[in-house]
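Read the structure below first, then the notes.
Quick note on labels: first sequence line is chain A, next is B, and so on, each numbered from 1.
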Protein chains: 2
Amino acid sequence: MITIYDIAKKANVSAMTVSKVINRTGRISTATRERVQQVIDELGYIPNSNARSLVLQRTHMLSLLITDITNPFYTTLARGAEDAAHLRGYRVLFGNSDEDYRKEKEYVEAILSTRVDGVLFAPAGDRSLPHLQQLQARNIPFVFLDRTVPGITSDVIAGDSREGAIELIRYLIELGHEHIALVNGSSEVSTARLREDGYIEGLKEAGITPDPSLILRTSYRDFSDDEGLERLLSRSQQPTAIFAANNMLAIGVIRLLRKRGLRVPEDISVVCFDDLDLASAFDPFLTVIAQPAYEFGYQGMQMLIDRIEGKLSPAAETMILPSKLRIRTSASVPPTN
Amino acid sequence: MITIYDIAKKANVSAMTVSKVINRTGRISTATRERVQQVIDELGYIPNSNARSLVLQRTHMLSLLITDITNPFYTTLARGAEDAAHLRGYRVLFGNSDEDYRKEKEYVEAILSTRVDGVLFAPAGDRSLPHLQQLQARNIPFVFLDRTVPGITSDVIAGDSREGAIELIRYLIELGHEHIALVNGSSEVSTARLREDGYIEGLKEAGITPDPSLILRTSYRDFSDDEGLERLLSRSQQPTAIFAANNMLAIGVIRLLRKRGLRVPEDISVVCFDDLDLASAFDPFLTVIAQPAYEFGYQGMQMLIDRIEGKLSPAAETMILPSKLRIRTSASVPPTN
DNA sequence: TTGAAAGCGCTAACAT
DNA sequence: ATGTTAGCGCTTTCAA
C-alpha cells in the first residue's frame with residue numbers, strides 16, 4: 001500500500017507538505033506543489049479514507065435506510081439519494097430493513113460503528129424509537145424519509161399522505177363509488193395512519209359514513225392477507241373500489257382479485273399510492289397518486305448534507321413534496337346491477 | 001464519543017483486555033469478562049470500525065458496482081448481494097455506473113480510497129480495463145458479474161448468454177419465424193457479444209443465413225435508436241420477431257412498436273433476456289430467458305468473500321448460473337399474409 | 001513556506 | 001490472565 005510517506009520521501013518533502021497539496025490547504029510554493037503532485041500521479045497514490053476519518057472525525061459517508069428495496073418507489077429514491085450524495089462528495093451506505101425492526105437494529109448498529117456522518121431514514125415504524133434515540137445520543141443527524149416517529153423531532157422530507165389519500169377518494173367518489181375499501185399498511189407506520197385519515201376525511205367530505213369494517217390493515221411490503229380481502233369481498237354490500245395504501249399492496253390486491261375471477265376495473269376499481277415506474281411505463285394501467293420518488297432521495301440527501309455541514313438553522317426542517325394524481329384505467333365507474 | 005479507554009477505565013482494566021472481550025480473542029477470566037461486558041452494555045459502547053480497519057487492514061466492506069440500478073435484474077441482484085454480505089458480516093457499498101466509464105472511474109477511486117476488501121463488478125465494457133488493472137495493482141480482489149473484460153483474469157459469476165440466446169431463437173423458429181431481428185447492447189460488452197453469437201448460431205442451426213442488417217446495436221440501458229428500429233421495420237421483408245438482448249431494450253422496443261401502431265405479438269413478436277419481476281408478476285406478458293438475479297448477487301458475494309477469506313484455490317473460478325425460458329404472450333406464430 | 005511532534009481509536013506482539 | 005508499547009495513515013497544532 002502506498003502511503004503519504006512514500007510520496008513525501010520521493011518528493012523530498014515532509015508528510016505534512018504532501019497532505020497540504022492533497023487537501024489544497026495552507027500555503028505551498030508552486031514548485032513543490034507541482035513536484036509533489038507529479039509523484040502522486042506517478043505512483044497513483046490514493047489517500048486512505050479510514051485514516052483520514054479517524055483524525056477528522058468525519059467519514060463523508062451517509063446511510064440510506066429504507067424498508068423495501070423491491071419497491072420501485074425506493075429504488076428510484078435510492079437513485080436520487082445516490083446522485084445528490086455523489087455530487088456533494090459523499091458516499092452512500094445502503095440498508096434495507098424489510099420493515100423489520102430486528103434488521104433495522106442491526107443496520108443502526110453498523111451505522112454507529114461506521115461513524116457515518118448522517119442518515120436518511122425511513123423507520124420501520126413507531127417501534128423504531130430506540131434506534132432513533134441511539135442516533136440522537138451519538139449526535140448523528142438524520143432526516144426522516146416520509147415516515148416520522150412520535151416522540152422524535154428531526155428534519156423530515158415527506159409527501160402529503162393525507163392530502164393524497166383525500167384526492168384519490170375524491171376521484172373515486174366522482175366516478176360514482178360509495179363503497180370504498182381501504183387496504184392499508186401497519187398502523188405503526190405514520191404514513192399509513194395519515195392515509196387512513198385522508199381516506200376517512202374524503203368519505204366524510206362526500207357525506208359518506210366511514211365503515212371500519214371496510215378497512216384492512218396489513219403490511220406495506222406485500223399483501224398476503226387473503227382471508228381479510230375475502231371477508232371484504234363477501235360482504236352483503238361488496239365494495240366497488242379498493243384504495244390500496246401503496247403500490248405493493250395494489251399489486252397484491254389485483255393479483256388476488258384476478259385469481260378470484262374479478263376484473264379490474266369492470267368489476268372492481270383499484271387505486272393506490274406510488275407509481276410502478278417500469279411496469280407503468282410498459283403498461284399504463286394503475287391509477288395512482290404518484291410521488292416524486294427521485295426527488296425524495298435527492299432533496300432528502302441535500303437536506304441531510306446541509307444539516308451536517310451546518311447550513312441549516314438549528315430548528316428541525318420539514319419539506320413536503322407534491323404528489324400528482326395519474327388517472328389510468330384501473331378505476332372506472334362502478335358496475336351497475 | 002465513547003472509546004475503548006472509557007470502558008477500560010470504568011472497568012478497571014487495560015484497553016487490551018477490553019479489546020479481547022470485544023473480539024473474543026485471547027484468554028480472559030470469566031469475572032473480568034463479565035465486568036467489562038457490563039460496562040460496555042451500560043455505556044452502549046460501539047467500536048469505531050475506522051480505527052479497527054486502520055490497524056487490521058481490513059474494512060469488512062465490499063463494493064457492488066453495477067451498471068443500471070433502474071433495471072430490476074440489478075435491483076434483485078443487489079438484494080441477493082446484500083443478504084449474502086450481511087450474513088457473513090460484511091457491509092456493502094453500492095455504486096451505479098450507468099454504463100458510463102467516467103462514473104465507473106470515480107467509483108473505482110472511491111473504492112480504492114475506502115479500502116474495501118473486494119468488489120463484485122459488472123464493468124461498463126471493455127474499456128473498463130484500466131479500472132480493473134487498478135484494482136489488481138492494489139490487490140483488491142474482484143468477481144466479474146456476468147460481464148468479463150478481455151485481458152483480465154479473475155473469478156466470475158455469470159449466466160450463459162450464448163446458450164440463452166440460442167434457446168430464445170430456437171423458440172422463435174419453432175413458432176415459425178424466419179426473419180428475426182436482434183436489438184443488442186454495445187459490442188463493447190461481453191454479454192452483448194455472446195448473445196449475438198447465440199443469435200447467429202441459433203439461426204444457422206435452423207439453416208437460416210444471418211443477415212447483418214437485421215442487427216441493431218445500441219445500449220443495454222435504454223432503447224433510444226428510433227431511426228435504427230424504423231429502418232429495420234421498413235425493410236421490404238419486415239422482421240416478424242425481435243430478440244431484444246435485455247429487458248430494458250425490450251421495453252423500449254415494445255413502446256416504440258406500439259407507438260407505430262404495431263401490435264405485440266399479433267403483428268410482431270418480441271422476446272428478451274432477463275425478466276421484469278414486478279411488471280411480470282403484475283402482467284405476465286413478456287416472453288423471456290429469465291436469469292436468477294438474486295442468485296447472481298448472492299452467489300457472487302459468497303464467491304468474493306470466499307476469495308477474500310482465502311477459502312478458494314488460487315486459480316480463478318467461474319460459476320455459471322442456469323437460466324430458464326419463460327414462455328408468455330409477447331411472442332406467437334408470425335402473421336400470415 | 002515547510003516540518004516535527006502528537007494523537008485520532010484500535011489491536012498485534014510481546015512482556016509480566 | 002492481564003498489561004505495555006508501538007504503530008496503522010493521516011492531519012492539527014505549533015515551531016522554525
May I ask you to evaluate whether [X] reaches the phosphate of [N], defined as a side-chain N or O under 4.0 Å from OP1 or OP2?
| X | N | value |
| --- | --- | --- |
| Ser14(A) | dT2(C) | no |
| Ser53(B) | dC8(D) | no |
| Thr17(B) | dG3(D) | yes |

- So which of Asp83(A), Thr75(A), Thr76(A) actually passes side chain to side chain donor-acceptor pair (under 3.5 Å) with Tyr294(A)?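 Among Asp83(A), Thr75(A), Thr76(A), the one meeting side chain to side chain donor-acceptor pair (under 3.5 Å) with Tyr294(A) is Asp83(A).
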
request  = Describe, in one word, how the ring planes of Phe144(A) and Phe142(A) are oriented to each other, choosing from parallel (under 30°), tilted (30 to 60°) and perpendicular (over 60°).
outcome  =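 Because their plane-to-plane angle is over 60°, the rings of Phe144(A) and Phe142(A) count as perpendicular.
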
Verdict with supporting geometry, Asp306(B) and Gln302(B), side-chain hydrogen bond (donor to acceptor under 3.5 Å, both in side chains):
CA-CA 6 Å; Asp306(B) 284 343; Gln302(B) 292 279 17; over 6 Å; no

Counting primed atoms, P, OP1 and OP2 as sugar-phosphate and everything else as base, the B/S/- map of nucleotides 9-16 of chain C against protein heavy atoms under 4.0 Å is BBSBB---

_What's Thr32(B) touching, base or sugar-phosphate or nothing? Going by heavy atoms closer than 4.0 Å._
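Sugar-phosphate, backbone atoms only, no base.
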
When you measure from the side chain of Arg147(B) to the backbone of Ser190(B), do you find a donor-acceptor pair of N or O atoms at a distance under 3.5 Å?
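Not a single qualifying donor-acceptor pair exists.
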
| query | How many Å lie between CD1 on Ile40(A) and P on dC10(D), as a whole number? | reply |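 Going from Ile40(A) (CD1) to dC10(D) (P), I get 10 Å.
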
Quiz item: Nearest-Å distance, CZ (Arg35(B)) to P (dA1(D))?
Solution: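 Taking CZ of Arg35(B) and P of dA1(D), I get 14 Å after rounding.
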
ask   = Which value, rounded to the nearest 0.5 Å, describes the distance between Thr67(B) atom OG1 and Phe73(B) atom CZ?
value =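 Between atom OG1 of Thr67(B) and atom CZ of Phe73(B) there are 9.0 Å.
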
_Within the 6.0 Å centroid threshold, strictly below: Tyr107(A) and His131(A)_ =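 No - the distance between ring centres of Tyr107(A) and His131(A) does not fall below the 6.0 Å cut-off.
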
